Amino acid sequence: MTPFIAFESRVVPMPNNNIDTDQIIPARFLKTTSKEGLDKNLFCDWRYNADGSPKEDFILNTPRGQNAQVLLAGDNFGCGSSREHAPWALTQFGFRAVISTSFADIFKQNALKNSLIPIVVSPEVHAKLFTLPEDAKVHVDLASQTLTLPDGEKVEFPVDSFSKTCLLEGIDELGWILKQAPAIEAYEATRVSTLNTLG
Amino acid sequence: MSGSVRTLSQKVWDSHLVREEAGAPSLLYIDLHLVHEVTSPQAFSGLRARGLKVRRPDLTVATTDHSIPTTDRSLPILDPIAANQVAQLDKNCKEFGIPHYGVHSEHQGIVHVIGPELGFTQPGMTVVCGDSHTATHGAFGALAFGIGTSEVENVLATQCLLQRPSQTFKVHVDGTLRPGITAKDIILAFCAKVGIGGGTGTVLEYTGAAIRALDMEGRMTVCNMSIEAGARAGMIAPDDTTFQYLHGRPFSPKGADWDAAVARWKRLPTDDGARFDREVSIDGDSLEPMITWGTNPGMGVSISGAVPEPSSISDPLERDAVAKALSYMGLEAGKPILGRPVNVVFIGSCTNSRITDLRAAAAVLKGRKVNPNVRVMVVPGSMEVKRQAIAEGLPELFREAGCDYREPGCSMCIAMNGDQLQPGEYSVSTSNRNFEGRQGKGGRTFLASPLTAAAAALTGVVTDVRTIL
Ligand code: SF4
């Protein structure tokens, strides 16, 4: 995993509450066996007309939706299915952070594993971000857990320290768990097993 | 989290802690890992890339359910992308030594249906699956989470999951459900009460007389939709109903192991005086049939109710959300939901495709004909459910009523396999999600119980089942 570096970006506003993972990447695109190529179907049903042409008024099809790395969404972003295809599609499109007042639990964990930072802000900051002019930029710094607004206001956001270390140092989570093998073996030696799926 | 007085979820959590360390999430041991074709291919590729094996194939089990057609199983899968995904799971399971109840298995079915019915799911276990409705297994007093594909890879490789503790949230449902009211109405009422994000960061425990009175299928229906309130998991303490259900299942403990297991399971229920971080109560006596009107499962009303008026909502984003949902659904603000015309009725999914669900729908449809304007699909949850239904003569009953009775799978719950709504069509569905496009691009979903779905099948409009029982 590549270490996470601070960045500056314009903000793409999507003022919908409860954006679910079926909207982020509809289920019919989950028949793939790869992680790649999901960006073209990100928000597919909001983004394209029935004939496949882009819907002109959808934010990702406007200049404001291009080449920006921060998505600003309504409350409870990423609810619904556990599909990790959602953060894959968002990061492939170029997003590196999503700002909301809250995130669904599974989405949040999936996002952090893919270097997509879920930034939780207060309703006040959230409302203020939606009033930003189109070309205004925010600065995202994971190390100090701060989001800096164009007017210089610094907003701290929570990230659990383990995920933060993994992201900043490029530590891979599975590698870390594999190193706990002795503890896992010790646990297995104590457990009463009532199951054998092999028969 | 441990202490002398603990909740059910805390007990299961404590007994699965492999390692706790300040600054890191807890390392939790997983007793049962369920796998399906959609969220696993990239995880197996990851294992291969690192040269890793599956640590505990004996605690892992796979089935194929999401991408497969619900038509004749002897025919090949026509969609080449779906066929490839299904073949991948077969190949991965063979290569890594995982038992797989594939398309041609006599035990194939929706992952959350076969886990319990084969006896894999047991009280006190930790259960995970790359699927948000893993919460279903909490009906047995298991701590069951949906996980992402990276976590699927982690569990395949190590049998462990990194988890942060959740808050505990007690959902107390008192009273006795009146005729026509089901487990589905309890959970739709809860989702409507707290909203789609209302349970975020919590593990629910459902308690109270109305929950105790439910059979295991009903308890699974309730726990299944815990995620629709945003909860990590939903649990019900095991009791005699649980033990009776599990006794004699193919993978349940046998003989002396059974007795020892039951003795352990009896220690799981929440201790008297244990504290929950949050609590809410629902009056089971006054529940009515519930139905959703909007584009998330929290947007529900009782069947005699009206859809909301956006103008009465003060929060601008929330007002906007309701207005958008009404516009997508083609519904007029403030109007009753009863009498809305319906094009499709779908009876199936891991929420309501078990034998008791089919029996409930059949009781309404028996000797009657479905409305000619409605396409009615009945999709059993598993081959086991299918066999039981045949033994009870249900397929003939459904077919005589004019229903399309199909082979087991997820089907129109997620519309990955060609079973889908056309743009603009309305369905009454017994599934768990009414998100935009969930049942087909442009499709509009009313979520309800099998009874309410069967009533709509007969009349062609949203109907209060109590008027035709
Ligand atoms: S039936 Fe629906 S909710 Fe259940 S596992 Fe299948 S797709 Fe998911």
Side-chain angles (χ1 to χ4, degrees), chain A residues 15-18 20-23 26-28 30-35 44-46 50 74-76 79-85 87-88 102-107 109-110 113-114 160-163 165 173-178 180-181 183-184 186-188 191-199, chain B residues 18-19 23-25 27 29 31-32 38-39 41-42 57-61 67 79 81-82 84-85 88 99 120 122 130-132 146-151 153-154 157-160 162 164 196-197 200-201 230 232 251 253 257 261 296 317-318 320-321 324 414-416 433 435-438 441:
Chain A
N16 308 49
N17 282 350
N18 305 313
D20 59 83
T21 52
D22 275 272
Q23 306 318 311
R28 60 187 182 279
L30 308 189
K31 287 180 269 189
T32 175
T33 54
S34 127
K35 293 183 183 179
C44 183
D45 293 350
W46 291 354
D75 304 342
N76 193 32
C79 57
S81 136
S82 64
R83 62 191 70 168
E84 199 162 324
H85 309 68
W88 294 336
S102 59
F103 290 88
D105 291 323
I106 307 178
F107 177 84
Q109 291 312 317
N110 284 342
K113 289 183 176 60
N114 289 280
D160 80 84
S161 57
F162 182 80
S163 299
T165 311
E173 199 175 284
L174 177 50
W176 188 90
I177 307 176
L178 284 165
Q180 314 303 315
I184 299 171
Y187 178 85
E188 280 175 334
R191 75 188 270 285
V192 192
S193 183
T194 50
L195 185 64
N196 179 2
T197 61
L198 299 171
Chain B
V18 172
R19 198 185 154 146
L27 194 61
Y29 199 80
D31 292 322
L32 173 62
V38 178
T39 53
Q42 299 85 350
D58 59 327
L59 302 180
T60 310
V61 65
S67 298
D79 175 349
I81 310 175
N84 175 59
Q85 188 175 63
Q88 267 299 323
F120 292 125
Q122 295 167 21
D131 196 289
S132 58
I147 57 176
T149 297
S150 298
E151 292 176 321
E153 185 181 340
N154 293 352
T158 68
Q159 204 59 30
C160 289
L162 286 170
R164 290 121 189 113
I196 182 170
T200 301
R232 282 303 274 130
F251 289 86
D257 286 346
N296 76 51
L317 276 187
E318 199 45 44
D320 203 37
K324 277 182 183 139
I414 191 163
M416 286 182 70
R433 287 192 173 139
F435 297 141
E436 288 182 25
R438 170 77 177 189
K441 193 173 170 177

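Please read these numbers as outputs of a predicted model, since none were measured by experiment. Below, read A as the first sequence line, B as the second, and so on, with proteins coming before strands; counting in each chain starts at 1.
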Practice problem: Check each atom of A/Ser102 against the heavy atoms of chain B and say whether the ones under 4.5 Å are side chain, backbone, both or neither. | Solution: neither

Quiz item: Is the closest side-chain donor-acceptor distance between A/Asp20 and A/Gln23 under 3.5 Å?
Solution: yes

Self-check item: Contact origin within A/Ala186 toward chain B - heavy atom pairs under 4.5 Å
Solution: neither

Quiz item: Does the pair A/Lys113/B/Glu151 count as a salt bridge with the N-to-O cut at 4.0 Å?
Solution: yes

Quiz prompt | Which atom of A/Leu30 lies closest to which atom of B/Gln85, heavy atoms considered | solution = O-NE2, 2.8 Å

Quiz prompt | Option in B/Ser150, B/Ala24, B/Gly146, B/Pro99 with maximal non-hydrogen atom pairs under 4.5 Å from chain A | solution = B/Ser150

Quiz item: Hey, are B/Gln42 and B/Thr149 close enough side-chain-wise for a donor-acceptor pair under 3.5 Å?
Solution: no

Quiz prompt | Nearest heavy-atom neighbours spanning A/Arg83 and A/Thr21 | solution = NH1-O, 3.6 Å

Self-check item: Closest-packed option against chain B by number of heavy-atom pairs under 4.5 Å, given A/Ala183, A/Gly74, A/Ser81
Solution: A/Ser81

Self-check item: Heavy-atom proximity to chain B below 4.5 Å, by part of A/Asn196
Solution: both

Practice problem: Under 4.5 Å, counting heavy-atom pairs only, tell me which of A/Glu84, A/His85, A/Gln180 racks up the most with chain B. | Solution: A/Glu84

Quiz prompt | Pairwise distance CD(B/Glu436) to CG(A/Asp22) - rounded to 0.5 angstrom | solution = 10.0 Å

Quiz item: Salt-bridged, A/Asp45 to A/Arg28, with N to O below 4.0 Å?
Solution: yes

Exercise. Below 4.5 Å from any heavy atom of chain B, which atoms of A/Phe103 appear? Answer side chain, backbone, both or neither.
Key: backbone

Quiz item: So what's closer than 4.5 Å to chain A heavy atoms on B/Leu27: side chain, backbone, both or neither?
Solution: side chain

Quiz prompt | chain B contacts, top residue of A/Thr197, A/Leu178, A/Leu198, A/Leu174 (heavy-atom pairs, under 4.5 Å) | solution = A/Thr197

Self-check item: Any donor-acceptor N or O pair under 3.5 Å, side chains A/Thr194, B/Gln122
Solution: yes

Exercise. Sort A/Phe162 into side chain, backbone, both or neither according to what part of it lies under 4.5 angstrom from a heavy atom of chain B.
Key: both

Quiz item: chain B heavy atoms under 4.5 Å from A/Pro26: which part of the residue, side chain, backbone, both or neither?
Solution: neither

